[in-house]
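Notes to accompany the following structure.
Remember, it's 1-based here, ligands and their atoms both numbered in the order they're listed. Small disclaimer: the values here were computed from a predicted structure and weren't measured.
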Amino acid sequence: MTQTNRRFLLAKRPVGAVRREDFSFESVPAEQPGEGQVLVRNLYLSLDPAMRGWMNEGKSYIPPVALGQVMRALGVGEVVASNHPAFQPGDHVSGALGVQDYFTGEPQGLHKIDPHLAPLPRYLSALGMTGMTAYFALLDVGQPKAGDTVVISGAAGAVGSIVGQIAKLKGCRVVGIAGGAEKCQYLKDELGFDGVIDYKAEDVLAGLKRECPKGVDVYFDNVGGDILDAVLTRINFKARIVICGAISQYNNKEAVKGPANYLSLLVNRARMEGFVVMDYSKDYGKAALEIAGWLASGQVKSKEDVVDGLETFPETLLKLFSGENFGKLVLKV
Ligand SMILES: NC(=O)c1ccc[n+]([C@@H]2O[C@H](COP(=O)([O-])OP(=O)(O)OC[C@H]3O[C@@H](n4cnc5c(N)ncnc54)[C@H](OP(=O)(O)O)[C@@H]3O)[C@@H](O)[C@H]2O)c1
């Protein structure tokens, strides 16, 4: 029996925020696997802010999704047919499966996961690209030391919440910037952050003065824009600023807003460095093991926000930009 494959193809390059019309949503028979290929039934898809960037034309760290191509997405799924000796029906895998019901193709880039060790959505959050990003961007680029003050924007989000917990494990004072009382409360009460700044309800600079009386040693930036500029005025000598993302700028119709206060880097002999998680792929296994240990001991908590229905993809993706997601945003296929 041939399965039906519902899939989202990129139809137009979005201008500003993504709209449903930017995709074509179609149902076709699932392609059967050829020699050396596998057929995977997608179970959960990772919705990432980076998807917005992948829809733009132009040079980036990865080629853009071509018009007419299935929208790129990481996901986890179950092998249902295989013409590849390393994969058997029933195996669970993780990789770039696309926004569709079924993936057909070579399994290069797919790796096996064990559904008995963790719930499947966790392989897209703390044990997946999100956790790898938090781990390597903080530890390798941010280089936190015990006693440092670490400030994180997007702190209640998927990456930010893991960053803060790792920084606590390293003995840092951790201050999170997030939108809304509920998220800020969660950071303090559930995750043990030392301070919080609700950027939707208070002036960020005033919050930084209150929560970081000794200045900022590491700033983990997920949002860019005005918040980056505010933090730049509070950094310490030899501070490290990790440019992990700039979600406040991804839907801009005009040029990205750069930091006006960058000369603070000069004054403080500080460093601002970009990060791309894929550069660390050879070390993912080591990081996943350490994170799994922290999860098992309860030292790190992972929160997933699972939304049901492949067909809701465009609207669900927008939750990342309105802040309606609480935890790693995952689409259940
Ligand atoms: N460089 C890499 O290799 C890499 C890899 C993965 C992720 N990233 C980046 O990491 C960042 C976080 O990604 P994630 O997957 O963990 O998403 P997430 O934080 O779970 O979700 C995005 C969050 O961003 C916040 N936000 C949205 N618009 C904002 C704005 N205008 N100003 C301030 N905050 C805003 C919202 O939180 P509030 O409710 O608090 O506003 C929203 O919940 C993104 O910038 C992403 O591109 C980079």
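Using a 4.0 Å cut-off to heavy atoms of A158, the atoms of ligand 1 that qualify are 16 (O), 18 (P), 19 (O), 20 (O). Shown in contact with G157 at under 4.0 Å from a heavy atom are these atoms of ligand 1, numbered in order with element: 18 (P), 19 (O), 20 (O). Atoms of ligand 1 lying under 4.0 Å from any heavy atom of G323, numbered from 1 in the order shown and given with element: 36 (C), 39 (O), 42 (C), 43 (O). Listed by number with element, the atoms of ligand 1 under 4.0 angstrom from any heavy atom of F275 are 1 (N), 2 (C), 3 (O). For ligand 1 and L320, the ligand atoms under 4.0 Å from any heavy atom of the residue are 21 (O), 22 (C), 23 (C), 24 (O), 27 (C), 36 (C), 42 (C). Applying the 4.0 Å criterion to heavy atoms of V276 picks out, from ligand 1, the atoms 3 (O). Close approach to M129 involves these atoms of ligand 1, each under 4.0 Å from a residue heavy atom: 5 (C), 6 (C). Per-residue contacts place A178 under 4.0 angstrom from the following atoms of ligand 1 (heavy atoms of the residue considered): 40 (O).
Ionic pairing of E202 and R210 is present here: one or more N-O contacts between side-chain nitrogen and carboxylate oxygen are shorter than 4.0 angstrom. Checked for salt-bridge contact, E211 and R173 meet the test: a charged N lies under 4.0 Å from a carboxylate O. Between K328 and D48 a salt bridge is recorded (basic side-chain N to carboxylate O distance below 4.0 Å). Between E26 and R7 a salt bridge is recorded (basic side-chain N to carboxylate O distance below 4.0 Å). With respect to D22 and R52, no salt bridge is recorded, no charged nitrogen being found less than 4.0 Å from a carboxylate O. Here E315 pairs with R20 in a salt bridge; the nearest charged N to carboxylate O distance falls below 4.0 Å. The pair D226-K257 counts as a salt bridge, with a side-chain nitrogen and a carboxylate oxygen less than 4.0 angstrom apart. Ion pairing between a basic and an acidic side chain is recognised when a charged N comes within 4.0 Å of a carboxylate O; R41 and E78 show such pairing.
Remark: among candidates P49, G176, S46, the nearest residue to atom 15 (O) of ligand 1 is P49, based on non-hydrogen atoms. For the residues M132, E182, K183, the heavy atom positioned nearest atom 37 (O) of ligand 1 is part of K183.
Between V159 and A134, the closest heavy-atom pair is O-CB, 3.8 Å.
On a distance-only criterion, I177 and ligand 1 share no N/O pair closer than 3.5 Å. At a 3.5 angstrom cut-off on N or O pairs, G245 does not count as close to ligand 1. For C244, a nitrogen or oxygen atom sits less than 3.5 Å from a nitrogen or oxygen atom of ligand 1, counting backbone and side chain alike. Not a single N or O atom of S322, backbone or side chain, sits closer than 3.5 Å to an N or O atom of ligand 1. Residue V159 has at least one N or O atom closer than 3.5 Å to an N or O atom of ligand 1. Note: no N/O pair closer than 3.5 Å links S248 and ligand 1 by distance alone. Polar contact with ligand 1: present for N325 (N/O pair, distance under 3.5 Å). The shortest N or O to N or O distance between Y199 and ligand 1 is under 3.5 Å. Polar contact with ligand 1: absent for L47 (N/O pair, distance under 3.5 Å). The N/O atoms of G160, backbone and side chain alike, include none that comes under 3.5 Å of an N/O atom in ligand 1.
Here T133 has side-chain heavy atoms under 4.0 Å from ligand 1, and that is the only part of it that gets that close. At a 4.0 Å heavy-atom cut-off, ligand 1 does not touch E324 at all. At a heavy-atom distance under 4.0 Å, only backbone atoms of F321 (N, CA, C or O) approach ligand 1. With a 4.0 Å cut-off on non-hydrogen atoms, K319 does not touch ligand 1 at all. Of the heavy atoms in N222, both backbone and side-chain atoms come closer than 4.0 Å to ligand 1. The proximity of A246 to ligand 1, defined as any non-hydrogen pair under 4.0 Å, is limited to the backbone.
Side-chain polar atoms of Y219 and S153 form a donor-acceptor pair below 3.5 angstrom. In this structure, a donor-acceptor pair under 3.5 Å is present between the side chains of E304 and S125.
Judged by the 6.0 Å and 45° rule, K168 forms no cation-pi pair with F193. Geometrically, K286 does not engage Y135 in a cation-pi contact, judged by NZ or CZ lying under 6.0 Å from the ring centre and within 45° of the ring axis.
The backbone N or O of A86 lies less than 3.5 Å from a partner atom in the side chain of K112, making a donor-acceptor pair. A donor-acceptor pair under 3.5 Å is formed between the side chain of D229 and the backbone N or O of N261. Using modelled atom types, no side-chain atom of Y280 and backbone atom of T133 make a donor-acceptor pair closer than 3.5 Å.
Checked options V99, L43, N42; the residue passing with V333 is N42 (criterion: side-chain contact (heavy atoms from CB on, under 4.5 Å)).
Among all non-hydrogen protein atoms, the one lying nearest atom 24 (O) of ligand 1 is I247 CG2, 3.6 Å. Summary of contacts: the protein heavy atom closest to atom 3 (O) of ligand 1 is V277 N, 2.8 Å. The protein atom (non-hydrogen) at minimum distance from atom 47 (O) of ligand 1 is Y250 OH, 2.8 Å. Annotation: atom 40 (O) of ligand 1 to nearest protein heavy atom, G179 N, 2.8 Å.
Under a 4.0 angstrom heavy-atom cut-off, F326 registers as lying outside contact with ligand 1. Between T130 and ligand 1 there is no heavy-atom distance shorter than 4.0 Å.
Cluster annotation: L110 is not connected to V80 through the hydrophobic network of ILVMFWY side chains, with a link wherever side-chain heavy atoms come within less than 4.5 Å.
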